[in-house]
Amino acid sequence: MKLLEEKILSEGKVLSDTVLKVDTFLNHQIDPQLMQAIGKEFAERFSDAKVTKIVTIESSGIAPATMTGLELQVPVIFARKRKSLTLSSNLYTATVYSFTKQESNDISISKDMIGKDDVVLLIDDFLANGQALKGLYDLVKQAGAQVAGAGIVIEKGFQSGGNDIREAGIRVESLAIIDSLSNGQIRFRGEKAS
Ligand code: 5GP
């Protein structure tokens, strides 16, 4: 998605060979116009999938997921990372190792939110080693629902998650795929090394 790639190039900060910071439009400050365009793009790509619900993970998945839900006119559920007084029982739970925080967290959604007749689109901000996406997939499967696929804003194609998940037969649509962050340079899939 050209608009997104341009934004990544102009505002993304390469923190290391594996980590990209996009705090000005996705992970801290949010660019609503860009999120709206992202929602439209996901909705178009999954327009044939008969999606009934969207599932994401707090917090950075919520903006792109909500915009997609608005386009597809379906509810959006975000998996919670912490239990709370209002969300403590009747839960589907999966354990996810966080790439950026380097710790394991349980993620949960209420059993009331998804049923076996649902067709669920998973959305997340980044795909790296695939732990977050696998956790979301696991939650939806516990509910007995169908997974239409996954919409990812930024996939880091040099990490294993994308391959693993596609090989497992799950459709993954990534709006930007980065093949390298080496030498402080962002290189998208299909670009030649300069
Ligand atoms: P995975 O579970 O696929 O290894 O990592 C995906 C999760 O880690 C995403 O939900 C995202 O929050 C975070 N993440 C992974 N890589 C990056 C990165 O390069 N930059 C940022 N900002 N977050 C990342």
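As the structure lists them, so they are numbered: ligands from 1, and atoms in each ligand from 1. Model, not experiment: these values are computed from the prediction.
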> Would you say the side chains of Thr93 and Asp106 form a donor-acceptor pair under 3.5 Å?
Replying inline: no

> Got the residues with a heavy atom under 4.0 Å of ligand 1, by chain and number?
Replying inline: Thr18, Val19, Leu20, Asn27, Phe99, Thr100, Asp124, Asp125, Phe126, Leu127, Ala128, Asn129, Gly130, Gln131, Ala132, Lys156

>> With a sphere of 6.0 Å drawn around NZ of Lys111, does it hold more than 12 non-hydrogen atoms of other residues, nucleotides or ligands?
In response: yes

>> Can you confirm whether Asn183 is buried at CG, in the sense that more than 12 heavy atoms of other residues, nucleotides or ligands lie under 6.0 Å from that atom?
In response: no

> Within a reach of under 6.0 Å around CD of Glu103, are more than 12 heavy atoms found that belong to other residues, nucleotides or ligands?
Replying inline: yes

>> Is the positively charged end of Arg187 above the ring of Phe158, judged by distance under 6.0 angstrom from the centroid and angle within 45° of the axis?
In response: no

> Just checking, is any N or O donor in the side chain of Thr95 or Ser104 under 3.5 Å from an acceptor N or O on the other one?
Replying inline: no

